[in-house]
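Report on one structure; see the data block that follows.
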Amino acid sequence: MVYCIVGIYTERNDSMLKAVRETWKTLIEEQLALYAKSVLEVDIALPPLAVQTPPKPELGDLAFPLFAYAKTLRTAPPLLAQELKNRIEALSDRPRGELLVAGPYLNVRIDMSDIATALQQKIAQDGQHYGTNSSMEGKRVTIEFSCPNTNKPLHLGHMRNDSLGESVAALLKANGATVRKVNLINNRGVHICKSMLAYQKFGNGETPQSSNIKGDHLVGKYYVKFAQWAKEDPSAEEQAQQMLVKWEQGDAETIALWKLMNGWTLDGLAESYTRMGISFDAYYYESETYKFGKDEILKGLEDGVFYREEDGSVWVDLEAIKLDKKVLLRKDGTSLYMTQDVGTAIMRHKDWPFDSLIYVVASEQQYHFRVLFHVLDLLGYRWAKDLHHLSYGMVNLPEGKMKSREGTVVDADELVETLTELARNEIREKEREELVDDVDKTSHSIALGALNYYLLQVTPTKDMIFNPAESISFNGNTGPYLQYMGARISSMLRKFESDHQHLHETAFDSSLLSLSDERELIKQLALYPEVVEKAGAEYDPSLLCSYLYDLSKLFSRWYHDNQVLKAATPELVRARIELSKMVLQVLVNAFGLIGVPFLASM
RNA sequence: GCGCCAAUAGCUCAGUUGGAUAGAGCAACUGCCUUCUAAGCAGUAGGUCAGAGGUUCGAGACCUCUUUGGCGUACCA
């Protein structure tokens, strides 16, 4: 066995920490087996060795708990740890590093200099690609998110959805997958007709241009107006239903109004998306897909997969997945949400065959997706098993649930605007207007960073409370804090470039990075590719968020306590500059995966 | 009623998939700006991990029950 860490690393294109961990694990397992044989005088299968991280840096970098072997080997864990340490230290060929007995644990202090050298080369070479890996190489993944209605603007609930969708898509790409981001526009149905009807009644020909109101907000205004009107006029709901019938019949006037108002909303949404850094590779429209699933359901009916009730409605029996039963076609033959989603899924697979399709949809629709996936399975689509519902929790306010009726829904555009304004004030107060490239652009980037980080920080599956006051605070574990670290490093590197040219040729000597904080930073940097891989595999950007916060906190402490540009020797300046460069590169790369804009100055 | 999910510091969240003294941020209090951006750093205080049993050498994590809360169980989307 060759214990050349760099060699193992480059050959396997794997995280170098992982390589070191595996090396030690294998070695200790070998010694465990030998010891077991010497004690028991027979070969015995031992449980695999667990690898952990010690709770404190003083305890080393790797931890191997030995509790599990105590009984079989009739040896107390601390004694076993000592025995293994002695045996390994007696070996002539063993990896560099130090063994520590810490009670029932056998710990290892890695030789960080090797890792730092390799890491510096790797990051300098890979640049913005450092952290990408091939764990999903060749996989084609469609991811659906956002899916707004065309009767109102985006709100806070959409923002968690959008942040997650964008971030997971980016993570999958970083893991080597080919990703197709799709949006499904919900532009049909009674609710759409409501805003149209109210506009017809009260609009007086108002347009986004004439009123200077963003299209989606203008349509939303009439959706609200409908609700008010419906309170006074009990026939309002009925009229909306009638309008839907006219729409389905293709009534020219209705369609014209629908197209007009839909256009307004979509223009408004497009503007919001651009402003929030959200984009899609393809758009689907329910007005085009809703009829599509119908044929599929009827085909399933012919094949005996579904059944027809006496009133003419079509049902699926869900006993196989321990649910009751579900209607798939109304008695009048019209489509439902489910019908339409069946059609949309099939359409998507035809358009772009995928290995996996992820639906980013709130947890309240878990039942819907269980049924949908089962129905597609019943219809014989083998790819039904490749569908995944990325179910995220609700976004609540400190006062409780957002309710449109009570007007407590947080509007997305408004929120971004408020945050941008606050960031701008902050820049003014700190008198940094002259030092920042573009105040408006910078404020906006800070707002986005604050928002995306706040939303992605929480484990996706869990409900979360969005505290507007807290989200606009730039202290503590926030997006702006991370951005600030990036700006600080950038600023220092600019100084290095302009004022320290005499040091540019000084060689990088990783052994000079011997402080505890420096070791921890190097370890954290080396860990990055594994975090990207795990966050992608688990569709969980929050893992990356907490990683980034740890890294930033570590860096700011080190940076506060130790001078870089004014370090004692030219070699030390060089070493610390390289460490800072590595941190900066990882920040830049990771920011790109969680929608936090990088700022060279702020 | 049934199903799914959650409960960790005053508040918002982590907790390496069963291991070492349960960690951050906010809020509170205390230090640190003639020194690479104080949007920062360091420190103090704050815990019956909802409760009760069980499994295990070991449980915040796994099992059972209880309590509380959320969501779902539409010929709505």
Name the orientation of the base relative to the sugar in C4(B): syn if the glycosidic angle is within 90° of 0, else anti.
anti

Chi-based syn or anti call at U21(B), which uses purine or pyrimidine torsion atoms and a 90° bound
anti

Which one, [options], comes nearest to the side chain of [X]?
X	options	result
Val564(A)	C13(B), C36(B), A20(B)	C36(B)
Asn149(A)	U37(B), C13(B), A77(B)	A77(B)
Gln366(A)	C13(B), C4(B), A20(B)	C4(B)
Val327(A)	G40(B), A77(B), A74(B)	A74(B)
Met485(A)	C76(B), C36(B), G40(B)	G40(B)
Thr459(A)	C76(B), G70(B), G15(B)	G15(B)
Val458(A)	U12(B), A14(B), U16(B)	A14(B)
His560(A)	A20(B), G40(B), U37(B)	G40(B)
Gln340(A)	A14(B), C57(B), A77(B)	A77(B)
Tyr481(A)	G40(B), A38(B), C57(B)	G40(B)

Atom [atom1] of [X] and atom [atom2] of [N]: how far apart are they, to the nearest Å?
X	N	atom1	atom2	result
Glu431(A)	A39(B)	CD	P	12 Å
Asp341(A)	C76(B)	CG	P	15 Å
Tyr367(A)	A77(B)	OH	P	14 Å
Gln52(A)	G18(B)	CD	P	11 Å
Met464(A)	A7(B)	CE	P	15 Å
Leu372(A)	A77(B)	CG	P	14 Å
Lys194(A)	C76(B)	NZ	P	12 Å
Asp463(A)	A14(B)	CG	P	11 Å

Rounded [atom1] spacing from [N] to [M] in Å:
N	M	atom1	result
U8(B)	A61(B)	P	13 Å
C41(B)	G3(B)	P	49 Å
U66(B)	C4(B)	P	14 Å
U44(B)	A24(B)	P	10 Å
G40(B)	C26(B)	P	8 Å
G51(B)	A59(B)	P	15 Å
G46(B)	A28(B)	C1'	10 Å
A7(B)	A50(B)	P	8 Å

I'd like to know if the side chain of [X] pairs up with that of [Y] as donor and acceptor (distance under 3.5 Å, no hydrogens or angles considered).
X	Y	result
Asn262(A)	Tyr285(A)	no
Tyr484(A)	Ser552(A)	no
Ser287(A)	Asn187(A)	yes
Glu309(A)	Trp315(A)	no

Test the Arg160(A)-Tyr392(A) pair against the cation-pi criterion, namely NZ or CZ under 6.0 angstrom from the six-membered ring centroid and within 45° of the ring axis.
no

Between [X] and [Y], how do the two ring planes meet: parallel, tilted or perpendicular, split at 30° and 60°?
X	Y	value
Trp247(A)	Trp258(A)	perpendicular
His500(A)	His502(A)	parallel
Phe369(A)	Phe373(A)	tilted

In the strands shown, is [N] matched to any nucleotide by a Watson-Crick or G-U wobble pair with both distances under 3.5 Å, and which?
N	answer
U48(B)	none
G43(B)	C29(B)
A6(B)	U68(B)
C62(B)	G54(B)
U73(B)	G1(B)
C36(B)	none

What contact category does [X] fall into here, base, sugar-phosphate, or nothing, at under 4.0 angstrom with non-hydrogen atoms?
X	value
Pro77(A)	nothing
Phe496(A)	nothing
Ala102(A)	base
Ile465(A)	sugar-phosphate
Lys331(A)	base
Arg557(A)	sugar-phosphate
Lys462(A)	sugar-phosphate
Glu364(A)	sugar-phosphate
Leu323(A)	nothing
Asn562(A)	base
Glu286(A)	sugar-phosphate
Tyr337(A)	base
Asn107(A)	base
Pro55(A)	base

Between Gln241(A) and Val190(A), is there a side-chain heavy-atom distance shorter than 4.5 Å?
yes

Tell me whether the side-chain N/O atoms of Asn477(A) come closer than 4.0 Å to OP1 or OP2 in C26(B).
no

So, OP1 or OP2 of C36(B): does either fall under 4.0 Å of a side-chain N or O from Arg494(A)?
no

